[in-house]
Protein chains: 2
Amino acid sequence: MRPTVHDIAKEAGVSLATVDRVLNARPGVREKTIARVQEAVARLGYVRDAAAANLARGRFYRLAFVLPEGPNQFVETLRAALLEACATQVADRASVKVVTTPAQDPHAVVRALRALNPRRLDGVAIMAPETPQVRDAVARLKEEGLAVVALVSDLPNAPRDRFVGIDNVAAGRTAALLTGRFAPQGGEVLVVTNSLRSRDSLDRRLGFDQVTATDFPKLSVLPTAESYDDPARMEAVAFEAAMSRPKLVGVYSMGSGNTPLLRALRRSGRLDELVVIGHELTPVTRRALIENEMAAVISQDVGHLARSALRVLRAACDAAPVFEAQERIRIEIVLRENLP
Amino acid sequence: MRPTVHDIAKEAGVSLATVDRVLNARPGVREKTIARVQEAVARLGYVRDAAAANLARGRFYRLAFVLPEGPNQFVETLRAALLEACATQVADRASVKVVTTPAQDPHAVVRALRALNPRRLDGVAIMAPETPQVRDAVARLKEEGLAVVALVSDLPNAPRDRFVGIDNVAAGRTAALLTGRFAPQGGEVLVVTNSLRSRDSLDRRLGFDQVTATDFPKLSVLPTAESYDDPARMEAVAFEAAMSRPKLVGVYSMGSGNTPLLRALRRSGRLDELVVIGHELTPVTRRALIENEMAAVISQDVGHLARSALRVLRAACDAAPVFEAQERIRIEIVLRENLP
DNA sequence: ACTGTTTTGAGGCACGTTCCTCATTTGCGG
DNA sequence: CCGCAAATGAGGAACGTGCCTCAAAACAGT
């Protein structure tokens with residue numbers, strides 16, 4: 001059996017109340033006594049029973065997730081993973097509210113953040129492009145004492161407690177390395193995204209350029225084409241590039257919008273000679289991998305993302321340390337053969 | 001606030017005792033009453049507070065991990081991850097004993113398993129090659145009522161409750177796909193391992209052959225070379241192949257022993273023209289990736305492995321269902337640019 | 001209506017911790 | 001040595017659930 005606070009008290013020769021005061025860093029204990037208790041803790045190898053502690057504390061975490069809305073498979077699966085995580089022990093003693101905002105309206109996010117009542121909430125996870133208004137809204141939430149984490153796309157200049165997601169520069173570098181090795185003959189690479197306003201796309205492009213510049217001189221990377229979340233525009237841009245650029249060897253899709261992209265490439269008849277690399281495993285990209293239409297998908301485990309965000313938010317609420325190793329989101333490379 | 005058993009009792013118009021009997025599937029309640037309680041549970045959206053339940057139950061999980069011993073970086077990091085996981089909430093209300101057995105002695109595992117006292121233990125995780133003796137030892141543990149999971153290397157014909165690890169056939173298929181795409185010109189591929197006795201090596205070879213046979217006719221895969229955990233032998237075999245086979249384009253290392261392998265290939269002077277793919281991210285393989293000596297490493301997150309084994313063991317002890325999505329160990333592809 | 005069985009109610013103790021209150025002791029300055 | 005504040009002890013209630021006992025009620029078959 002593990003030692004309890006009672007054992008510590010006995011071992012240190014103090015009362016239970018004093019042990020409690022020391023363990024919870026409450027004032028009113030002499031240095032000497034603190035040391036004595038801590039020694040006893042070390043000697044007996046005491047570790048606080050988190051279950052009992054939470055029970056006694058009656059702690060309840062009121063959390064909110066602000067996600068973009070739209071025909072975005074990735075966000076849909078993220079939301080599903082979130083709800084699934086809530087049904088398990090990860091979300092124990094927590095209530096989670098999911099708020100969605102129109103993807104294309106940068107003010108909508110701000111409005112949604114303002115609409116949150118800080119007194120009825122302990123923490124917020126935000127997935128949104130970084131704008132000055134969003135930064136201000138985050139700052140306001142922090143001032144109100146809320147825990148704030150950025151999700152998927154970082155808000156590096158906002159006072160968020162933490163970013164939960166992959167290192168997008170490294171993700172872009174990984175995409176470049178795969179493109180370069182899958183297309184050793186070299187040629188032109190088309191880079192597309194729905195919007196460069198999001199920090200994640202920006203970072204990915206940055207990483208992609210770093211590696212192609214230093215390691216794959218035979219690749220020439222075209223300027224980023226933005227679709228602004230318009231499928232028709234995405235399809236037109238991709239089709240145009242495929243038809244007019246004979247030296248095209250690869251396409252790197254940094255955002256969503258893989259359905260119109262693949263449709264265009266299929267239509268151009270050049271899909272099987274192109275190395276297509278995209279992000280996020282969805283039904284669309286999964287199918288494309290199986291059909292050999294996409295060479296690789298760079299992905300992040302949405303289940304891990306959801307659980308990690310929940311754990312990190314709770315830790316931030318308690319100003320407790322996080323278990324780093326568990327919260328590092330991996331850049332997953334998914335090929336046809338290691339589809340989960 | 002979340003509803004409690006008290007709320008359920010009130011809602012269903014029964015006593016607390018009856019609610020408890022229904023929730024814990026104890027006998028002595030009429031069908032009609034059971035239905036009434038379950039309706040109340042559904043209506044109020046009650047979910048059992050796992051923390052309080054475990055506390056009340058006073059459940060304590062006594063677990064043991066049986067791991068191979070030896071100069072194996074992978075096992076070392078696994079053990080470290082295990083100890084780290086024990087220090088966190090994952091191992092809450094559990095004691096974990098780690099037993100190591102000499103890697104090369106198949107009887108040592110059996111002896112270690114026999115030495116376990118089933119009355120002082122609730123569950124065991126085993127990482128060992130599958131032999132008839134191991135199967136019998138596992139069967140004996142199961143008969144004693146222990147939970148048993150196979151770790152990393154499956155024991156498909158033993159009555160283990162579950163396998164925690166990657167799908168090694170798929171891992172082999174992934175390695176083949178990478179080799180084929182990284183070496184489109186084709187040629188010979190050397191496959192090495194420390195021992196084909198382990199189920200994982202066997203499965204990886206199987207998967208590797210499947211994909212090379214169907215998708216990469218230009219690759220000809222050599223018979224598996226075994227080192228029997230002897231670094232000198234590994235080095236000799238690899239050097240010999242590199243020197244005598246001009247058409248060699250790739251090496252697939254299915255087990256441990258990457259240090260002597262890389263040393264041999266370096267010595268042969270052909271390392272930079274070979275596509276080397278190995279398993280498990282260790283200091284050795286990490287360095288080889290950074291130096292561009294290895295093209296890719298197929299890995300499994302040891303932290304995830306450790307935490308998953310703990311969770312699965314606990315669930316098996318309680319005959320509780322596991323949260324599948326969280327326990328699926330991914331086949332990670334690690335390149336230079338997405339090193340964690 | 002009688003017995004006997006099954007079902008239900010009521011209550012209490014336990015788990016390990018937190019967080020109170022109130023009384024007591026200790027240390028310190030004067 | 002006194003007075004005062006700080007430090008400590010003792011005890012208890014609570015958190016939500018599990019698990020136990022004993023008695024009361026409902027129901028079955030005769």
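A, B, ... follow the sequence lines: proteins, then strands. Residue 1 opens every chain.
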Test: A/Glu143 and A/Arg140 ion pair at under 4.0 Å: no
Whole angstrom value for the distance that separates P of D/dA6 from CZ of A/Arg26: 18 Å
Distance test, side-chain N/O of B/Thr18 to OP1/OP2 of C/dG9, below 4.0 Å: yes
Whole-Å gap separating C1' (D/dG18) and CG (B/Leu16): 11 Å
Value in whole Å for how far the P atom of D/dG16 lies from CD1 of B/Ile8: 13 Å
Check: B/Arg160 side chain, B/Leu155 main-chain N or O, donor-acceptor pair, under 3.5 Å: yes
Side chains of B/Arg62 and B/Asn117, donor plus acceptor under 3.5 Å: no
A/Ala17 side chain, from C-beta outward: closest of C/dC19, D/dT17, D/dA10: D/dA10
Integer-rounded Å distance: D/dG9 P and A/His6 NE2: 14 Å
Touch class at under 4.0 angstrom, heavy-atom based, for A/Tyr46 against every strand present: sugar-phosphate
Within residues 29-36 of chain B, residues whose heavy atoms come under 4.0 Å of DNA chain C: B/Val29, B/Arg30, B/Thr33
Rounded distance (Å) that lies between atom P of C/dT8 and atom CG of B/Leu23: 14 Å
Separation of D/dG18 P from B/Asp318 CG (nearest whole Å): 12 Å
Electrostatic pair A/Arg26-A/Asp20, nearest N-O below 4.0 angstrom: yes
Sugar-phosphate only, base, or nothing, as touched by A/Asp49 at under 4.0 Å among non-hydrogen atoms: sugar-phosphate
Sugar-phosphate, base or nothing in reach of A/Asn24, heavy atoms under 4.0 Å: sugar-phosphate
Residue whose nearest DNA chain C nucleotide is more 5′ - B/Gly28 or B/Ala52: B/Gly28
A/Glu327 and A/Ser308 side chains, donor-acceptor separation under 3.5 Å: yes
Cationic N near anionic O, under 4.0 Å, B/Lys32 to B/Glu39: no
Rounded distance (Å) that lies between atom C1' of D/dA14 and atom CG of A/Asp20: 14 Å
From C/dG9, D/dG16, C/dT17, nucleotide with atom closest to B/Leu55 side chain: D/dG16
Check: D/dG9 base within 3.5 Å donor-acceptor of A/Arg21 side chain: yes
Closest to side chain of B/Arg57, choosing from C/dT18, D/dG18, D/dT17: D/dG18
A/Val96 side chain near A/Phe65 side chain, heavy-atom distance below 4.5 Å: yes
